Amino acid sequence: RKEFVDLYVNYVFNESIWKPFEDFMKGFLRGCPARKWEMFLPEQLQIVLQGYTKFDWRLLEKNVTYRQYEKLDPTIRNFWIVFHKFPEEKKKMFLAFLSGSDQIPGYGLERFQFCIADPQVENPDELYPWANTCSRILFLPR
């Protein structure tokens, strides 16, 4: 029985997927030659491909720039109070809303910057916040 289970597990996890994996690897290596990836340790390669998965949200707040706002404006202070009360998943959803991804790129959170701007509209109560994901600008009505 043990031999049967070992052979079955080997078939399911190794032999049965060899051909599809080989096809995937050929395509992957065509676009991303293996020699270029050899310079990375596995942990570094994961960060390059996937981005950072752990966040220091206070550092994110520190890196923000403001347009038509000051750091101590009531709107900004209230925004950060609410933001820091969010659970981790909601903060990641905000990151996706702002930048198009819930991951921080491989260069790290210390270099990840965004801007909070006042859209300066006549009646800010009629607008919801919106984001320009390419430029990482959050338009936050007062």
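Nothing fancy with the numbering, it's 1 onward along the sequence. Just so you know, these numbers come straight off a predicted model, no measurement behind them.
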Any heavy-atom pair between the side chains of [Y] and [X] that's under 4.5 Å?
X: D118; Y: L140; result: no
X: F28; Y: D23; result: no
X: I137; Y: C115; result: yes
X: P129; Y: L138; result: yes
X: S135; Y: F114; result: no
X: D6; Y: N10; result: no
X: R58; Y: K62; result: no

Checklist entry - Relative to the ring of F4, is the ring of Y8 parallel (under 30°), tilted (30 to 60°) or perpendicular (over 60°)? => result parallel
In terms of hydrophobic clustering (I, L, V, M, F, W, Y; side-chain heavy atoms under 4.5 Å; direct or indirect links), are [X] and [Y] co-clustered?
X: V9; Y: F21; value: no
X: M25; Y: W18; value: yes
X: F94; Y: Y66; value: yes
X: L98; Y: Y128; value: no

Item to check | Over all atoms of both residues, closest heavy-atom pair of V12 and S16 | outcome: O-OG, 2.8 Å
Item to check | Shortest non-hydrogen contact between Q113 and R136, atoms and distance | outcome: O-NH1, 3.2 Å
Checklist entry - Looking only at atom types and distance, does a side-chain atom of R77 sit under 3.5 Å from a main-chain N or O of L72, one as donor and one as acceptor? => result yes
Next on the checklist: Among residues at least two apart in sequence or on other chains, which ones pass ring pair (Phe, Tyr, Trp, His ring centres under 6.0 Å) with W80?
Outcome noted: F83, H84
From [X] [atom1] over to [Y] [atom2], what is the distance, rounded to the nearest 0.5 angstrom?
X: K90; Y: F97; atom1: NZ; atom2: CZ; answer: 13.0 Å
X: F139; Y: R67; atom1: CZ; atom2: CZ; answer: 6.5 Å
X: W57; Y: F86; atom1: CH2; atom2: CZ; answer: 11.0 Å
X: K71; Y: I116; atom1: NZ; atom2: CD1; answer: 11.0 Å
X: I17; Y: E22; atom1: CD1; atom2: CD; answer: 12.0 Å

Checklist entry - Among all residues two or more places apart in sequence or in another chain, which pass the side chain to side chain contact (heavy atoms under 4.5 Å, CB included) test with D73? => result Y69, E70, I76, R142
Checklist outcome for this item: By side chain to side chain contact (heavy atoms under 4.5 Å, CB included), L7 pairs with (sequence neighbours left out) E3
